[in-house]
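Have a look at the structure below before the remarks.
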Amino acid sequence: MDLGAVTKYSALHAKPSGLILQYGTAGFRTKAEHLDHVMFRMGLLAALRSKQTKSTIGVMVTASHNPEEDNGVKLVDPLGEMLAPSWEEHATCLANAEEQDMQRVLIDISEKEAVNLQQNAFVVVGRDTRPSSEKLSQSVIDGVTVLGGEFHDYGLLTTPQLHYMVYCRNTGSRYGKATLEGYYQKLSKAFMELIKQASCSGDEYRSLKVDCANGIGALKLREMEHYFSQGLSVQLFNDGSKGKLNHLCGADFVKSHQKPPQGMEIKSNERCCSFDGDADRIVYYYHDADGHFHLIDGDKIATLISSFLKELLVEIGESLNIGVVQTAYANGSSTRYLEEVMKVPVYCTKTGVKHLHHKAQEFDIGVYFEANGHGTALFSTAVEMKIKQSEQLEEKKRKAAKMLENIIDLFNQAAGDAISDMLVIEAILALKGLTVQQWDALYTDLPNRQLKVQVADRRVISTTNAERQAVTPPGLQETINDLVKKYKLSRAFVRPSGTEDVVRVYAEADSQESADHLACEVSLAVFQLAGGIGERPQPGF
Ligand code: NG1
Ligand code: ZN
């Protein structure tokens with residue numbers, strides 16, 4: 001390690017003194033102007049991680065659904081997963097080290113992790129469409145090269161595309177080719193093969209309006225469109241030509257405001273979806289004949305997908321297991337429907353896709369989705385084996401096995417992916433001959449409300465039981481229990497956000513009014529018991 005060079009180049013990416021950032025559920029995220037030093041240092045860290053794992057490591061520059069002025073960075077581990085926990089800690093230490101301590105921290109990490117500094121490093125870099133992203137990704141590359149690492153800059157990519165590239169490169173291209181062309185071809189081929197098996201051909205099933213959040217999803221979907229246009233026509237809105245990234249549009253806006261994005265004309269019963277700013281989340285929605293807006297969130301997406309996969313498993317006659325993984329934010333109706341009607345086991349993990357991903361790996365087929373629309377399905381080698389053996393099976397079973405094979409190819413196994421999920425959903429709807437209303441009618445969401453509370457230090461709240469219960473501050477959980485008892489079909493929990501300096505409050509109940517009241521009362525309890533600052537939460541929205 002040429003420490004002289006590190007110091008020299010680090011000075012060109014100097015850290016504003018006193019600035020402290022935390023590697024959270026989605027890496028580092030803050031105002032773009034505070035991130036140059038973090039990018040350089042994450043380039044250094046990615047090179048070290050690559051040397052240690054003797055694998056390609058990914059670095060993605062994006063702040064997902066955050067406002068355009070923000071930016072962020074996260075590292076992608078060899079199999080496309082989120083960074084290992086001990087390295088998240090190293091990332092935080094390195095990002096927060098003052099200039100003069102940088103060398104020592106780098107050496108510390110190398111020693112603790114037994115990094116062979118002579119080993120080669122290879123890092124791939126991708127970025128979203130934010131104005132700040134290009135320069136920031138250059139700083140990442142500076143960091144990689146100072147440590148003698150090699151790199152490939154993919155330029156503009158969706159976050160899941162970068163995960164895909166990392167996964168391909170570390171599996172000797174068995175999974176796919178590590179190029180955009182490879183990604184487009186793999187997904188489109190699987191989609192077209194699936195669609196071929198659909199009996200209905202009415203074209204109302206085959207067109208979809210897509211709100212691209214004025215982000216990278218628009219560019220990539222446009223590039224990809226002609227590969228699958230025989231099977232699905234997509235009409236893009238908020239494609240970045242006019243509006244601001246994530247402003248009044250995108251999956252996060254639609255989900256949290258429970259209303260359609262601006263800039264999209266919706267006729268009744270038309271199927272529509274929204275991506276977020278880096279295209280790793282997707283939600284669906286439509287207007288009914290009375291003009292009412294209906295949201296189809298990640299929970300209902302997971303339900304559609306897992307029901308279909310379960311049917312295929314039954315068809316093949318195999319005892320392979322399937323499980324659905326959710327977080328505490330999953331609507332209570334979805335959990336009940338999956339467990340009681342679908343008879344699919346459901347598991348709850350902490351918020352953050354790495355927790356869901358990890359749990360989903362325990363099943364032959366693990367479907368995981370956050371309510372906000374981030375998710376995918378994972379398939380074990382046992383499923384692949386079964387498909388290989390299916391040639392000896394009778395015709396009907398062989399067909400189901402073939403479908404399963406295409407579905408596996410269509411899902412991004414490395415990460416939740418709006419484009420891939422969209423194609424899976426469109427294929428399932430076509431194969432089942434389902435309209436968007438029929439899909440929506442699987443179950444009715446319990447009315448719910450999410451609020452944020454400002455507190456002096458959100459770390460005073462600690463939780464257990466997959467974040468569904470507060471352990472500290474004392475008395476908070478008892479208060480929540482008492483409030484919940486006042487309403488029917490009610491549930492509420494609080495947790496410190498991993499991406500914003502707030503405490504999140506979630507409540508659901510039998511009516512919107514009750515859910516709103518409960519959320520408000522719980523917010524007030526947080527404010528009083530967990531050191532609220534600023535204005536007291538007020539009833540009424
Ligand atoms: P936080 O800020 O920790 O709630 C949010 C989302 C997560 C996840 C991360 C990463 C909710 C309630 N939380 O985390 O699900 O997507 O951002 O982007 O949606
Ligand atoms: Zn995102």
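No experiment lies behind these values; they were computed from the predicted model shown. One-based numbering, in listed order, for ligands and for the atoms of each. Each residue takes its place number in the sequence, starting with 1.
Geometric assessment of K300 against the ring of Y337 yields a negative cation-pi assignment under the 6.0 Å and 45° thresholds.
Remark: among candidates D276, N372, V353, V503, the nearest residue to atom 6 (C) of ligand 1 is N372, based on non-hydrogen atoms. Comparing T351, T25, T327, D280 by heavy-atom distance to atom 13 (N) of ligand 1, the nearest is T351. Closest heavy-atom approach to atom 18 (O) of ligand 1 within the set R495, K452, R281: this belongs to R281.
By the salt bridge (charged side-chain N to carboxylate O under 4.0 Å, His left out) test, E513 pairs with no residue at all, sequence neighbours left out.
The atoms of ligand 1 that sit less than 4.0 Å from any heavy atom of H65 are 18 (O). Atom numbering of ligand 1 starts at 1 in the shown order; those under 4.0 Å from a heavy atom of S497 are 1 (P), 2 (O), 3 (O).
Nearby protein atoms of type N, O or S around the Zn ion (ligand 2) amount to 4 (distance under 2.8 Å).
Contact annotation for A26 and ligand 1: only side-chain heavy atoms (C-beta onward) come within less than 4.0 Å of the ligand. If you look at H374 next to ligand 1, there are no close heavy atoms at all, none under 4.0 Å.
The stretch residues 211-223 participates, sequence neighbours left out, in these side-chain hydrogen bond (donor to acceptor under 3.5 Å, both in side chains) pairs: Y184-E223, D211-N238, D211-S274, K220-E223, R222-D239. Sequence neighbours left out, the pairs with a member in residues 72-92 that pass ring-ring contact (aromatic ring centres under 6.0 Å, His included) are W87-H90.
With respect to E426 and R271, a salt bridge is recorded, a charged nitrogen being found less than 4.0 Å from a carboxylate O.
Distance from atom 9 (C) of ligand 1 to its nearest protein heavy atom, with residue and atom name: T499 CG2, 4.1 Å.
Residue contact annotation: R29 has a non-hydrogen atom under 4.0 Å from ligand 1.
Among the candidates T158, N71, T159, T62, the single residue satisfying the side-chain hydrogen bond (donor to acceptor under 3.5 Å, both in side chains) test with D128 is T62.
Where the criterion is an N or O separation shorter than 3.5 Å, residue side chain and backbone included, Q450 fails it with respect to ligand 1.
Relative orientation of the Y23 and F28 rings is perpendicular, given thresholds of 30° and 60° on the angle between their planes.
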